[in-house]
Amino acid sequence: MKQKRILIYGETDGVGLSAVTRELIGKSRALAAKSGLEYSLILIHDQAENCRDELSAYGLSRIYIWKDAGDFRADRYADLLADTIRREDPDILLVGGSPEGRSLAPRVAAIFRTGITADCTELALDTENRLIQTRPAFGGNIMAHILTPNRRPQIATVRPGVMPPADRTEYCPSPEWILCRNTARTSAIRLLGIEPADAAEEIDTCSLLLAVGGGLKDKEDLEMFRELAALLGAGLAGSRVLVERGFLPPEAQIGLSGHSVRPRKLITFGISGSLQFRAGIRQAQKILAVNIDPEAEIFRAAHTAICGDLYEIVPELIGQLKEK
Amino acid sequence: MMLQIAVCMKQVPALNEGKMDEGMGTLIRKDIPPVINVYDLTALETALRLKEEYGGKVTVFSMGPESAESLLREAFAMGADRSVLLTGPEFAGADAVATAYALSQAITARGPFDLILCGRQTTDGDTAQVGGAIAQFMEIPSIYWVSRIHAVTPASCTVTALTAKGHASCRIDFPCLLTVERELAVPRIPGLGAKIAAKKRQPEILTLQELPDRDSSHYGRPGSGTRVIKIFSPREPAPAAAVSMKGKEAAAYILEWLDEQTEGGIR
């Protein structure tokens, strides 16, 4: 019987591998350790050479490199990925839940008419080595376990930031490098230019997030939170009430009617914590809540709770950070 | 210019105040009135604005039970020219890919279209996968996370879309599919007159027999690769006891907390 295989769709962040790619490798390695399956990776990138040392240190079996494919375009990249899938014949395809991955993966699922599970937060194997995919639905209010029992590959996109990244190992078998040729497929999409995104727009992807709520008295008081966010390299978001008061744009709203966020650490200031707000922060790994009301509902969702006045605490935080 | 625009829309359970089971953390689904997926309203609004600016026709597609007709009347009230409801027992239980296949067949049956618009995701499934799969089944290009549509010509349009590197400006040839972000357009609220007029209009009903591919094993549950094997409520952490702290003490405590490693050793 053929050994079961995972294929990972690799992405770069301009410098090296993207964080979510390392997380997919880490998860594949953990699954392989239990089941003996092998895992390989595809990278569609002109500067793949930059990642060569790093990619050699993860115990990958094969690495497919596509050159001359140009910038990401969903139609062209789906064709190239499908070519590699036909060659590698994986049982499982893992794709990062990045903007790129989530627009690419459904096209590949359609090519193979197989199942796809979006935005998984956990992956495991059952006794038959089938992939048990865990994902939230209804804005995080329900979790589901999903299988793709009969079709292959089983495709999952994985939410960034929830799985531990792979560590490099000094001694591991060298991967086989397979250089693929871009068979001159054209795209109907032409990239004209790219502008970097503002931090404020990335509240659903940043790893440290500050969230502010109705405890804020004036719009001007947001300035101290902007300063704090800049000092910490954090994103700044808010509850619905701040958006309704016009203090923050709708893109910065957390909750059922706003964004569902998934930072590694979240600090809330002056947020009472309605059920609708809490539904938007279920995927945060660690939550510290600051509220002046000891009975605030937000404390039901927090790992760490401070009863205190944000108008005392935030200036103090800024001061202590500047001293550092 | 005569743009032919298709918009895909879905009826989903409304998520309003007090509609969730506090103890279970799940939705109380019965008695929840269905509404149009909010993201799809942006797609329809975008289509209507393109039509108003460049000329053309807007056709709304939905798949669901016959009760989804109310959704299509709402689309008429907003200004849609045509609406098509793909319905029948063969389509029940479809996952994202099977849904996309059915919609691609319906769009092909009523096409051709220059532009197909979808909302970024639904509020029930949250998958954001149907649009891309529709585009692949129709073998047309697709761009996700579109926040602006700039220039439209008879052959292409230029859009701004979110990518890992930032906001990319791209030109995409027709026919194509775009999934749009809510910031692209605020949906209009139809007036009473438009609502009354819409009540008299009937959406076109489309069934399996009228699709190019009539093999029922390609649709609904038989056509779906995925199976949901378990549904459960996510756990909230055990409630934390709030500790009262003054400014200086709290600030030092928060900085220490920020330095702690999270699970998995990542920060």
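All heavy atoms count here, side chains included; hydrogens, waters and symmetry mates do not. Chain letters run A, B, ... following the sequence lines, proteins first and then strands; every chain starts at 1. Keep in mind that what you see is a predicted model, and the values were worked out from it rather than measured.
Stacking of A:Lys265 on the aromatic ring of B:Trp257 is recorded, both the 6.0 Å distance cut-off and the 45° axial limit being met. At least one test fails for A:Arg102 against the ring of B:Tyr144: distance under 6.0 Å to the centre or angle within 45° of the axis. Cation-pi geometry between A:Arg240 and A:Phe277 is not satisfied (NZ or CZ under 6.0 Å from the ring centre, within 45° of the ring normal).
Contacts of A:Asp71 with chain B are made by side-chain atoms alone, with heavy-atom separations under 4.5 Å and no backbone atom involved. A:Ile292 does not touch chain B: none of its heavy atoms, backbone or side chain, sits under 4.5 Å away. Looking at A:Thr157, only its side chain comes within 4.5 Å of chain B, counting heavy atoms on both sides. Using a 4.5 Å cut-off between heavy atoms, B:Ser224 contacts chain A through its backbone alone, with no side-chain atom that close. Both the backbone and the side chain of A:Thr304 come within contact range of chain B, with heavy atoms under 4.5 Å apart. Contacts between B:Val97 and chain A at a heavy-atom distance below 4.5 Å involve the side chain alone, from C-beta outward. Within the 4.5 angstrom heavy-atom criterion, only side-chain atoms of A:Arg135, from C-beta onward, approach chain B. Of the atoms belonging to A:Ser274, not a single heavy atom falls under 4.5 Å from chain B. Of the atoms belonging to B:Ala252, heavy atoms from both backbone and side chain fall under 4.5 Å from chain A.
Remark: side-chain polar atoms of B:Gln136 are not paired, donor with acceptor, to backbone N or O of A:Ala110 under 3.5 angstrom. No donor-acceptor distance shorter than 3.5 angstrom exists from the side chain of B:Ser147 to the backbone of B:Leu184, with no hydrogens or angles considered. Between the side chain of B:Asn37 and the main chain of B:Lys10, no donor-acceptor pair closer than 3.5 Å is present. Judged purely by atom type and a 3.5 angstrom limit, B:Trp145 uses its side chain to pair as donor or acceptor with the backbone of A:Pro99. The closest donor-acceptor contact from the side chain of A:Arg278 to the backbone of A:Ala301 lies at 3.5 Å or more, if one exists at all.
Contact count against chain A (heavy-atom pairs under 4.5 Å) is highest for B:Ile140 among B:Ile134, B:Ile140, B:Thr160. Of all the listed residues (B:His218, B:Glu139, B:Met245, B:Lys248), the one sharing the greatest number of non-hydrogen pairs under 4.5 Å with chain A is B:Lys248. Counting heavy-atom pairs closer than 4.5 Å to chain A, the top residue among B:Gly132, B:Ser104, B:Ala98, B:Ala128 is B:Gly132. Between chain B and the residues A:Ala105, A:Cys307, A:Ser98, the largest count of heavy-atom pairs under 4.5 Å involves A:Cys307. Chain A forms the most heavy-atom pairs under 4.5 Å with one residue out of B:Ala96, B:Ala100, B:Gly223, B:Ser156, and that residue is B:Gly223. Note on B:Asp95, B:Ile254, B:Ile143: by heavy-atom pairs under 4.5 Å with chain A, the leading option is B:Ile254. Interface remark: of the candidates A:Glu100, A:Glu295, A:Glu312, A:Glu316, A:Glu316 forms the most heavy-atom pairs closer than 4.5 Å to chain B. Per-residue counts of heavy-atom pairs under 4.5 Å with chain B were compared for A:Asp75, A:Leu192, A:Val314; the largest is that of A:Leu192. Between chain B and the residues A:Pro294, A:Pro106, A:Gly26, A:Ala118, the most heavy-atom pairs under 4.5 angstrom are made by A:Pro106. Among A:Ala109, A:Ser103, A:Gly308, A:Pro149, the residue making the largest number of heavy-atom pairs under 4.5 Å with chain B is A:Ser103. When each of A:Gly193, A:Gly115, A:Ala74 is checked for heavy-atom pairs under 4.5 Å with chain B, A:Gly193 comes out on top.
For A:Arg151, the CZ atom counts as densely surrounded, since its 6.0 Å shell holds more than 12 non-hydrogen atoms of other residues, nucleotides or ligands. When the shell of 6.0 Å around CZ of A:Arg152 is examined, it contains more than 12 heavy atoms from other residues, nucleotides or ligands.
Residues B:Tyr101 and B:Phe91 keep their aromatic ring centres 6.0 Å or farther apart.
Note: A:His145 and B:Phe232 have perpendicular aromatic rings, judged against thresholds of 30 and 60 degrees for the angle between ring planes.
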